[in-house]
Amino acid sequence: MEVSGHGGSRVRVRLAPSPTGFVHIGNVLVALVDAAIARKFNGAFVIRIEDTDQKRFLEGAEQLIYDSLAWLGIEWQEGPDRGGPFAPYRQSERLPRYLEVAEQLVAQGDAYRCWCSPERLDEMRKAQQAAKLPPKYDRLCLGKSETERQAFGGYTERSVVRLRMPDTGHTTFTDPIRGEMSFENALLDDRVLLKSDGFPTYNLAVVVDDHEMEITHAIRGEEWLPSTPAHLRVYEALDWTPPVIAHTPLLLNADRGKISKRKHPWANMRWFQDEGFLPEAVLNYLGNLIAFVPDAENPQQGVARELFGFAEISEHFQLGSIGPSGKVVDLDRLDWLNGQYIRRMALDELARRVGPFMTAAGLDTGNPIFMGALALEQERLKRLSEAPSVLSIFFREEAYAPEALVPKGVTPEVARQMLDGAISVCEGVAATGEWTAETLEAPFRDLAIALDLTTGKQRGQLFGVVRVASTGRTATPPLFDTMAILGAETILKRLAHARLLLAGLGV
RNA sequence: GGCGCGUUCGUCUAGCGGCCUAGGACACCUCCCUCUCAAGGAGGAGACCACGGGUUCGAAUCCCGUACGCGCUACCA
């Protein structure tokens, strides 16, 4: 039914990005839908570059698209980068074909030349809006030769080609995601198909390319919904069979507005990578928006499996099951997913992924205690980018306020006693040559008893003093593990320094 | 202004006429564990299924209005 057929031919989908800047996260969502459907039906996923806008073209933007998809592990089978049976895959390389089709449409009377100046069109639209009329071209040029048209105002020499929409009736189609869609033809605009520079607009190029590349399912963002009737009109005028056309939901901000790059850096796909999200977490997150994966181990109704990869996404994917409403991007959930993947990851793999972030922060991952320290932080990390700040205590002593050495409910004198006790315990353990979490913990517990600290809270105060003295922080991995990793020499040095700081407080 | 689409806990989502006094997840709160921070475990709060009409023995589920939100409204995609 919904995706099996298009004359029984093999499923072919395409992503049609324009190389005009960074890769928008919304495009990535569409790409995932494309890849999932292609995989599910053993079809082909094609990347086609829509570079018909010469003004907005940006060098390098095309490569960003490949990089983003590759980073996420989304695979495509045909594209400008790897060729394929329907080359070329860049629209700028197919110009003659668009011209040919445009001329055919004009010859048939389904399209017409228009010499109206941008100024005239602008005034026209303003007047229409003021008069509360539907905004659409008033067809001044329709049925006129260039000479005839020159007699009227707002003429320019360079013409465009406009699609002639029907005057009556409705254009209806079935969007597998949204159901029956219907538009009243009389209210639709005669859109430009061919620009005065000889380049097609998206509205022409998309139809020609989808047809010639034998695309069976045209999947795109909801923002394209209003232009679908025009595309269908072109298919009809050319006597071509249109693909199934589906419009995916938009990605929104917390305020339910369209995601904007100014206020929301995560509009840019690259942000996720820079921010330390794992590609598998991002893919999982987006997958949650387009597929429901039931929990096999908990087969009650409505219980979902939360962690899954591309295989599960494509297996459970159905166009008709995508919710059509806009999706608010929930970074809290992404953080949680990311943490889940980080915790499940092998330590050396995590070390590899965290490497660039450490290096960028000037921390040497060749340091012998790096792996041990990372192991302690693994279950505490949400984003890879947090690694340098939490791991830096293992690499260097950091400044802290002397007052931090005095826990709440403890006098400076008592804090000093605690620290003095800690120093002698550490000296004792260091002397044995057996400096481990285990050999440290027992004597520290004895110290607590010796200082008459019997409750958990009191022990916490003692350990708190030692924690700050050892790391400069109040929140760290378990104290004795941390001390063991740092080593006797470093700890004794830091404790001695802490003692000096306390002395500075008058104790 | 015109057109179109959308509307189940704050967010994502299950639900596709009776199993729903609406299930799960994130976030939030409490407790347990505990040397801090996490992680983990156990609970909790949170949705009159936008509102109003129908259809039906029966509606979150079907239909129609209304409201609100969003998108489009370029010789950009």
Side-chain angles (χ1 to χ4, degrees), chain A residues 16-20 50-53 55-56 114 116 118 121-122 125 128-136 156 158-162 175 178 181-184 187-189 191-197 199-203 205-206 220-229 247 249-250 252 254 256-258 285 288-289 292 294-295 298 300-306 320-321 323-337 339 343 376-382 390 407 441 444-445 448 456-464 466-468 471 473-480:
Chain A
S18 58
T20 52
E50 309 258 333
D51 56 351
T52 55
D53 187 345
K55 299 182 197 78
R56 294 204 305 157
C114 172
C116 289
L121 295 172
D122 195 46
R125 287 191 198 99
Q128 285 165 341
Q129 191 164 93
K132 305 191 178 188
L133 291 167
K136 51 182 288 196
T156 55
R158 310 199 58 185
S159 68
V160 301
V161 172
R162 285 184 184 275
D175 179 322
R178 288 154 202 279
M181 298 292 117
S182 182
F183 295 78
E184 190 180 343
L187 301 169
L188 300 176
D189 195 8
R191 297 192 178 219
V192 171
L193 296 180
L194 201 67
K195 299 182 254 185
S196 57
D197 64 2
F199 276 71
T201 60
Y202 174 87
N203 296 313
V206 73
R220 57 188 12 168
E222 187 188 341
E223 71 270 23
W224 289 105
L225 198 42
S227 45
T228 300
H247 298 91
L250 260 23
L252 311 175
R256 298 218 139 259
K258 195 183 183 181
Y285 179 80
N288 270 300
L289 303 180
F292 178 79
D295 184 356
N298 203 350
Q300 324 156 37
Q301 140 89 259
V303 179
R305 176 168 165 189
E306 304 295 342
S321 296
S325 56
K327 315 298 177 199
V328 174
V329 175
D330 182 358
L331 293 179
D332 280 334
R333 182 173 169 82
L334 215 209
D335 273 328
W336 174 76
L337 277 169
R343 274 171 246 137
L376 292 181
E377 290 292 357
Q378 180 164 19
E379 71 178 27
R380 280 158 249 272
L381 284 179
K382 277 188 159 50
V390 297
E441 179 156 4
F444 264 102
R445 300 234 172 239
K457 186 179 174 178
Q458 289 173 317
R459 276 193 298 275
Q461 290 169 337
L462 168 64
F463 297 149
V466 182
R467 168 171 287 108
V468 172
T471 67
R473 301 211 182 150
T474 52
T476 72
L479 180 59
F480 303 114

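None of the values given here were measured: they were computed from a predicted structure. Every chain is numbered from 1 and lettered A, B, ... according to where its sequence line falls, protein lines coming before strand lines.
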Mind checking [X] for me? I need base, sugar-phosphate or nothing, with any heavy atom below 4.0 Å counting as a touch.
X	result
A:K258	sugar-phosphate
A:S227	nothing
A:P294	nothing
A:S325	sugar-phosphate
A:G326	sugar-phosphate
A:S159	nothing
A:P19	nothing

Worksheet item: When you match A:R178 and A:L252 each to their closest nucleotide on RNA chain B, which lands nearer the 5' end?
Response: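 It is A:R178, whose closest nucleotide lies nearer the 5' terminus.
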Worksheet entry | Closest-nucleotide 5' rank along RNA chain B - winner of A:G456 and A:G323 |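 Nearest nucleotide further toward 5': that of A:G323.
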Pairwise [atom1] distance, [M] and [N] [rounded to whole Å]:
N	M	atom1	answer
B:rG23	B:rC48	P	13 Å
B:rU66	B:rG4	P	12 Å
B:rG46	B:rU30	C1'	15 Å
B:rC51	B:rU8	P	11 Å
B:rC9	B:rG54	C1'	28 Å
B:rC19	B:rU61	C1'	14 Å
B:rC64	B:rC20	C1'	25 Å
B:rA22	B:rG10	P	15 Å

Reckon [X] has a side-chain N or O less than 4.0 Å from the OP1 or OP2 of [N]?
X	N	value
A:R256	B:rC12	yes
A:K195	B:rA74	no
A:R125	B:rC75	yes
A:R162	B:rC75	yes
A:R220	B:rA77	no
A:K382	B:rA39	yes
A:K327	B:rG6	no
A:R191	B:rC75	no

Give the rounded distance in Å between these two atoms: [atom1] of [X] and [atom2] of [N].
X	N	atom1	atom2	answer
A:L121	B:rU73	CG	P	15 Å
A:L331	B:rC28	CG	P	14 Å
A:E306	B:rU11	CD	P	17 Å
A:L289	B:rU11	CG	P	14 Å
A:E223	B:rA74	CD	C1'	15 Å
A:L337	B:rU11	CG	P	18 Å
A:E377	B:rC37	CD	C1'	9 Å
A:W224	B:rA74	CH2	C1'	11 Å

Nucleotide nearest [X] when distance is taken to its side chain, options [options]:
X	options	answer
A:L250	B:rA25, B:rG71, B:rC75	B:rG71
A:Q129	B:rG1, B:rU36, B:rC12	B:rG1
A:R333	B:rA25, B:rC35, B:rA77	B:rA25
A:F292	B:rA14, B:rC75, B:rA27	B:rA14
A:D330	B:rC35, B:rU11, B:rA25	B:rU11
A:V303	B:rC3, B:rA77, B:rG24	B:rG24

Tell which nucleotide pairs with [N], taking only Watson-Crick or G-U wobble pairs whose two distances are both under 3.5 angstrom.
N	answer
B:rA22	none
B:rA27	none
B:rU7	B:rA67
B:rG1	B:rU73
B:rC33	none

Practice prompt. Quick one: do A:D53 and A:R56 satisfy salt bridge (Lys or Arg N to Asp or Glu O under 4.0 Å)? Show the steps, please.
Written response: CA-CA 6 Å; A:D53 187 345; A:R56 294 204 305 157; 3.3 Å; yes
